[in-house]
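In what follows, chains carry the letters A, B, and so on, assigned in the order in which the sequence lines appear, proteins first and then strands, with residues in each chain numbered from 1. Nothing here was measured: the structure is a model prediction, and the numbers come from that model.
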Amino acid sequence: MDGYSVVVSELMLQQTRVDTVLDYFKRWKARWPGWPELAAAELDEVLAQWTGLGYYNRARNLHRTAIAVVQQHGGQLPHDAAQLGALPGLGPYTVGAVRSLAFGLPAALVDGNVARVLTRWHALVGDGGTLIKPLWQKAELELEVSGPARADPASWNQALMELGATVCSPRKPQCAACPVAQHCLALAQGLQDSIPPVKQRAASAEVQAHYAVVLSPASSGLGDPLADRVLLGQRPPTGRWAGLWEPPGAEQGDPQTLQQWAKAQGWQPLRDLPALQHVLTHRKYAVTAGVYAAADLGTVSAEVDLQPLGYVAARWQPLGQALGAVTGLSRLGQRLLEAALQPAAEDGQGSGPATTKRRRPPSPA
DNA sequence: AAGTCGGGGGA
DNA sequence: TCCCCAGACTT
């Protein structure tokens with residue numbers, strides 16, 4: 001596979017499953033076949049193509065890498081490890097993957113799967129930090145001394161990863177079916193279930209947030225360009241969902257609450273959306289949201305300042321584009337828009353009976 | 001060395 | 001529910 005495809009797929013695959021990546025990768029290649037096309041792309045659209053994959057800094061870095069490859073390397077990926085490692089988003093693992101998988105070089109790589117395989121194979125003991133060097137040394141040594149590894153480093157590396165993903169699983173490894181079983185020191189000592197040790201995970205914090213999906217008035221039938229739009233704010237270039245767009249929202253405890261802001265803007269509340277939960281690795285979002293109507297088209301044409309809510313830009317986006325591939329939304333933002341555009345079957349457009357208001361988050365009590 | 005960054009799928 | 005994942009970057 002060519003270098004561009006390897007870099008794109010490896011960046012997508014970081015902390016992400018193959019099945020999830022497949023469709024994204026196909027769409028990506030169709031949209032930007034190579035480095036020059038990606039380098040010329042707008043970051044906004046790059047993020048939009050990444051929507052749902054998570055870890056959005058990977059997309060920003062991939063875009064920056066494309067620019068660097070074009071401007072500093074003549075459009076060709078360097079083979080040198082140090083030069084590759086200097087590209088944004090390419091760490092030790094990805095450098096090894098590119099050099100072995102794209103260039104066929106005898107370069108080692110250690111990802112989560114390989115680390116687990118090698119840790120058991122050689123019965124390495126220690127915490128994550130102290131094991132990093134020994135793991136890479138083992139991986140590099142094998143590429144020097146093992147015949148099959150030297151003959152085909154790419155296949156060797158992929159085999160190691162595949163072994164970890166299928167047979168040498170985190171829990172209940174299938175040692176009976178393992179081609180390494182005869183050499184595995186952990187298995188010989190009966191330690192295959194305790195090596196590597198299970199790491200403790202920090203509890204995720206609960207966050208309460210409220211969002212406002214503000215819609216412009218429906219079209220008057222004259223094709224008014226300001227009709228049927230939704231207000232989106234762009235998040236800062238760092239932090240969670242960096243650079244992505246979403247309906248304006250605020251977490252509980254923010255200096256300016258969303259309700260205050262919406263009232264000050266004169267938005268007319270239409271209805272509440274069903275409460276939804278959005279789970280991240282370190283945070284659990286309990287999200288409430290309301291649908292609001294902008295007073296008139298004049299409001300829509302005027303500038304909206306979302307900076308008090310922490311956004312760096314604001315935009316009235318046509319609804320079709322907001323859910324298309326034009327705007328980089330977070331998955332949460334996507335879910336909010338989809339919920340707001342539902343025909344409100346359950347909420348009865350706000351005019352229904354009281355039974356429609358039951359889907360509130362349970363009170364913490 | 002520790003914290004941060006998303007999201008989905010399987011046990 | 002909990003746990004894990006084809007990691008990299010910042011502090």
Review point. Mind checking who B:dG7 pairs with, Watson-Crick or G-U wobble, both distances under 3.5 Å?
Key: C:dC5
Return the value, rounded to whole Å, for the distance between atom [atom1] of [X] and atom [atom2] of [N].
{"X": "A:Met1", "N": "C:dA6", "atom1": "CE", "atom2": "C1'", "value": "11 Å"}
{"X": "A:Leu84", "N": "C:dG7", "atom1": "CG", "atom2": "C1'", "value": "16 Å"}
{"X": "A:Leu244", "N": "B:dC5", "atom1": "CG", "atom2": "C1'", "value": "12 Å"}
{"X": "A:Arg64", "N": "C:dC9", "atom1": "CZ", "atom2": "P", "value": "9 Å"}
{"X": "A:Leu13", "N": "B:dG8", "atom1": "CG", "atom2": "P", "value": "16 Å"}
{"X": "A:Ile132", "N": "B:dA1", "atom1": "CD1", "atom2": "C1'", "value": "10 Å"}
{"X": "A:Leu87", "N": "C:dG7", "atom1": "CG", "atom2": "P", "value": "19 Å"}
{"X": "A:Met12", "N": "B:dG7", "atom1": "CE", "atom2": "C1'", "value": "14 Å"}

Counting side-chain heavy atoms from CB outward, which of [options] is closest to [X]?
{"X": "A:Leu280", "options": "C:dA8, B:dG6, B:dG8", "value": "B:dG6"}
{"X": "A:Trp241", "options": "B:dG6, C:dC9, C:dC5", "value": "B:dG6"}
{"X": "A:Arg58", "options": "B:dG6, C:dC4, C:dA6", "value": "B:dG6"}
{"X": "A:Arg240", "options": "B:dT4, C:dA6, B:dG6", "value": "B:dG6"}
{"X": "A:Glu10", "options": "C:dC4, B:dG7, C:dA6", "value": "C:dA6"}
{"X": "A:Gln14", "options": "B:dG7, B:dT4, C:dG7", "value": "C:dG7"}
{"X": "A:His282", "options": "B:dC5, C:dC5, C:dA6", "value": "B:dC5"}
{"X": "A:Asp111", "options": "B:dG6, C:dG7, B:dG8", "value": "C:dG7"}
{"X": "A:Val18", "options": "B:dG6, C:dC5, C:dA6", "value": "C:dA6"}
{"X": "A:Thr20", "options": "B:dG8, C:dC5, C:dA8", "value": "B:dG8"}

Study note, to complete from the structure: Contacts of A:Ser9 and A:Gly89 projected onto DNA chain C by closest heavy atom; the upstream (5') one is A:Ser9
Practice item. Kindly indicate whether the side chain of A:Leu332, heavy atoms from C-beta on, has any atom under 4.5 Å from the side chain of A:Val287. Key: yes
Check your understanding: Considering only heavy atoms and no angle criterion, is a donor-acceptor pair shorter than 3.5 Å present between the side chain of A:Thr16 and the base of B:dG6?
Key -> yes
Point to revise | Base B:dG6 paired with A:Thr281 side chain (donor-acceptor, <3.5 Å) | key: yes
Quote, to the nearest angstrom, the [atom1] distance that separates [N] from [M].
{"N": "C:dC3", "M": "B:dG6", "atom1": "C1'", "value": "15 Å"}
{"N": "B:dA11", "M": "C:dA6", "atom1": "P", "value": "14 Å"}
{"N": "C:dC5", "M": "B:dC5", "atom1": "C1'", "value": "14 Å"}

Base, sugar-phosphate or nothing for [X]? Non-hydrogen atoms, less than 4.0 Å.
{"X": "A:Gly52", "result": "sugar-phosphate"}
{"X": "A:Arg60", "result": "nothing"}
{"X": "A:Leu109", "result": "nothing"}
{"X": "A:Arg331", "result": "sugar-phosphate"}
{"X": "A:Thr238", "result": "nothing"}

Review point. Will you find, in the side chains of A:Tyr285 and A:Glu206, an N or O donor that is under 3.5 Å from an N or O acceptor?
Key: no
Check your understanding: OP1 or OP2 of B:dG7 sitting under 4.0 Å from any side-chain N/O of A:Tyr56?
Key -> yes
Check your understanding: If each of A:Thr51 and A:Arg171 is mapped to the nucleotide of DNA chain B with the nearest heavy atom, which maps nearer the 5' terminus, i.e. the 5' end?
Key -> A:Thr51
Check your understanding: Between A:Tyr24 and A:Arg27, is there a cation-pi geometry (under 6.0 Å to ring centre, at most 45° from the normal)?
Key -> yes
Point to revise | Quiz item: cation-pi between A:Arg235 and A:Trp245, 6.0 Å / 45° | key: no
Between [Y] and [X], is the closest basic N to carboxylate O distance under 4.0 Å?
{"X": "A:Arg31", "Y": "A:Glu45", "result": "yes"}
{"X": "A:Arg315", "Y": "A:Asp44", "result": "yes"}
{"X": "A:Glu142", "Y": "A:Arg150", "result": "no"}

